[in-house]
Peer 1: 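Sharing a structure, written as structure tokens. Questions coming.
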There are 2 protein chains.
Amino acid sequence: MLENLQKIRIENPVDLIISQVRNLISSGAIKPGEKLPSERKLAEHLGVSRSQVRSAINKLEFYGIVRVAPQSGTIATGLGIVALEGLITDILKIENADFKSLVETRVLLEKEAARLAALNREESDLEEMKKALQAYEDKLSQGESAVEEDLLFHIKIAEASKNAVLKSLMLVITPDIVNSYINLKVCSESKTRVTIAEHREILEKIKNKDSEGATKAMAFHLDAVQDFSKNFKPQ
Amino acid sequence: MLENLQKIRIENPVDLIISQVRNLISSGAIKPGEKLPSERKLAEHLGVSRSQVRSAINKLEFYGIVRVAPQSGTIATGLGIVALEGLITDILKIENADFKSLVETRVLLEKEAARLAALNREESDLEEMKKALQAYEDKLSQGESAVEEDLLFHIKIAEASKNAVLKSLMLVITPDIVNSYINLKVCSESKTRVTIAEHREILEKIKNKDSEGATKAMAFHLDAVQDFSKNFKPQ
DNA sequence: GACCAAAAACTGGTTGACCAAATATAGCGC
DNA sequence: GCGCTATATTTGGTCAACCAGTTTTTGGTC
């Protein structure tokens, strides 16, 4: 009987405010560089309290839609495109993404990171990567799970690539990867030895500035996971 | 004379709180899943007001370090790796990235998006892309700059790829691309005709499900920009 | 001691008043 | 009318008090 009841959508008031303000910008009522109405006026017009408007503006600032200038005002940035198509909600909501997309994208980033790392790495980078690899092995030898240490090694590679954007993007998707791996139990305990060997192989190629080899080693290393994502449908 | 004065760093108090809380987690004092001290206690211990603690926690939630449960408490999530190495500040701070890294990464993502779009696009995607392309041409024919419309076309491609993560990442770096392009005046007005032709070429390949061709067309399209970034040192 | 309901304490969320800096206005001297 | 300064207003930031749930403690009962 209760199944007949429709699920009602309880919209977060802050989200409603966000979409209103976003419309203000994307409709052209407020052009990039112009100031938004003050928090008080917005609150009054929308019939909500100032703190809620405040919270909404905070989020918008995070998304890069607006920039707040203390004691002066909130101005719309020129990045209208993000607001343009109601895409805001998509940004950083990768948690809804399917595992396949996640792995697919990860492989793409990782291969490029390995390639660039082989070209651009410095001695200090090699040290960092060695340390990360050691931490990973230590954790494993204690019989514990080491998903985070594993990924830390990969992030060190991204650092060695000297491409800050690449590293940032890897950091963005890393939490989701950790979650997925833990939830889906990707890491079978038996394969840890293989994993370590593969990590060492990658490190070696990067050390030798062999960009092609590093790319291939990384691709090989991630192959198992990728196959897993292709053949396995989560949920 | 004044040059001798050292630049003093005025640390944002909220950032200081963030790093303190982060240490609390990364040091292991608070394990994933455990609750943080209440906002009031944190405020008292740190000698600051609760609103500042509040603001800090808000940001930490955004970063995915903690999750707040209303009327219950704030709990640390299991994504320790991000907090582990003081990497937080890097996330989403792509604005500090150099133009070369930005373009390099963009090309990587765009090529993959084009490839996947050719494989996975549906009819509706083609419609969307056509509309975006039309909007771009209209804006240009009015003699106006159309950086945003340009990128919107590219985002539609990412949508057609059916890889949500890839699209999200493109959305993340898009604002920075817009900024860089505007600042560096990458888009010379004379080349718009060529650009339109290239866009059409990409669309055609995707329509024909020619993944290799789409990748190459995209690579060709972005070549000019990439060359620009290699030969030109910003600032 | 085991169990349970009532109440006290505690939680994050919200509010309206106040703060200092930035801005707009008014007034004055010329 | 013009240029400057002093004042008034507006701005986002901060704060302490309060709100409505949640959690813990408490006291009584069996």
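All values below come from the heavy atoms of this structure, side chains included, with hydrogens, waters and symmetry mates left out. Below, chain A is the first sequence line, B the second, and so on; all start at residue 1. As the structure is a prediction and not an experimental result, all values here were calculated from the model.
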Peer 1: Atom CD1 of B/Ile57 to atom C1' of C/dT14: distance rounded to whole Å?
Peer 2: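 Taking CD1 of B/Ile57 and C1' of C/dT14, I get 16 Å after rounding.
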Peer 1: So does B/Lys162 pair up with B/Asp125, basic N to acidic O under 4.0 Å?
Peer 2: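 Salt bridge: yes.
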Peer 1: Between A/Glu44 and A/Lys41 (salt bridge meaning N to carboxylate O under 4.0 Å), is one present in this structure?
Peer 2: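 The answer is no: the pair does not qualify as a salt bridge.
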Peer 1: In whole angstrom, what separates B/Leu36's CG from C/dC10's P?
Peer 2: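 Taking CG of B/Leu36 and P of C/dC10, I get 18 Å after rounding.
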Peer 1: To the nearest angstrom, how far is B/Glu44 atom CD from C/dG12 atom C1'?
Peer 2: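 That distance rounds to 17 Å.
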Peer 1: Indicate, yes or no, whether a donor-acceptor pair under 3.5 Å links the base of C/dG12 to the side chain of B/Arg54.
Peer 2: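 Counting by modelled atom types and ignoring angles, no donor-acceptor contact under 3.5 Å is found here.
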Peer 1: Is the shortest heavy-atom distance from the side chain of A/Thr74 to the side chain of A/Leu60 under 4.5 Å?
Peer 2: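 No - every pair of side-chain heavy atoms lies 4.5 Å or more apart.
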Peer 1: B/Glu39 CD to D/dC18 C1': how many Å, rounded?
Peer 2: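 Computing the B/Glu39:CD to D/dC18:C1' distance gives 15 Å.
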Peer 1: Taking 4.0 angstrom as the limit, do B/Lys131 and B/Glu128 come out as a salt bridge?
Peer 2: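 Yes.
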Peer 1: B/Ser72 side chain: which of C/dG12, D/dG13, D/dT23 is closest?
Peer 2: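 That would be D/dT23.
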Peer 1: Please give, in whole Å, the distance from D/dG13 P to A/Asn58 CG?
Peer 2: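 Answer to the nearest Å: 8 Å.
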Peer 1: Could you tell me the separation between the CD atom of A/Glu61 and the P atom of D/dT11, rounded to a whole number of Å?
Peer 2: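 Rounded to the whole Å, the gap is 18 Å.
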Peer 1: Per the atom types in the model, does the base of C/dG16 pair as donor or acceptor with the side chain of A/Arg40 at under 3.5 Å?
Peer 2: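 Absent.
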Peer 1: Quick check: on DNA chain C, is the nucleotide nearest A/Gln71 upstream (toward 5') of the one nearest B/Thr74, or the reverse? Name the residue that is more 5'.
Peer 2: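 Its nearest nucleotide lies further toward 5', so the answer is B/Thr74.
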Peer 1: If each of A/Lys35 and B/Gln52 is mapped to the nucleotide of DNA chain D with the nearest heavy atom, which maps nearer the 5' terminus, i.e. the 5' end?
Peer 2: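 Per heavy-atom nearest nucleotide, the more 5' residue is A/Lys35.
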Peer 1: Mind checking if B/Ser38 touches a base, just sugar-phosphate, or nothing, with heavy atoms under 4.0 Å?
Peer 2: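 The answer is sugar-phosphate, as B/Ser38 gets under 4.0 Å only of primed atoms, P, OP1 or OP2.
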Peer 1: Both distances under 3.5 Å, Watson-Crick or G-U wobble: report the partner of D/dC30, or none.
Peer 2: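 Across any shown strand, D/dC30 pairs with C/dG1.
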Peer 1: Taking atom P of D/dG12 as reference, at what distance in whole Å does atom CG of A/Leu42 sit?
Peer 2: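 Taking atom P of D/dG12 as the reference, CG of A/Leu42 is at 8 Å.
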Peer 1: Provide, to the nearest angstrom, the distance between the CZ atom belonging to B/Arg50 and the C1' atom belonging to D/dC19.
Peer 2: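 Answer to the nearest Å: 11 Å.
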Peer 1: Do you know which two heavy atoms are closest between B/Ile30 and B/Ala76, and how far apart they sit?
Peer 2: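 Answer, listing the atom of B/Ile30 first, then B/Ala76: CG2-CB, 4.0 Å.
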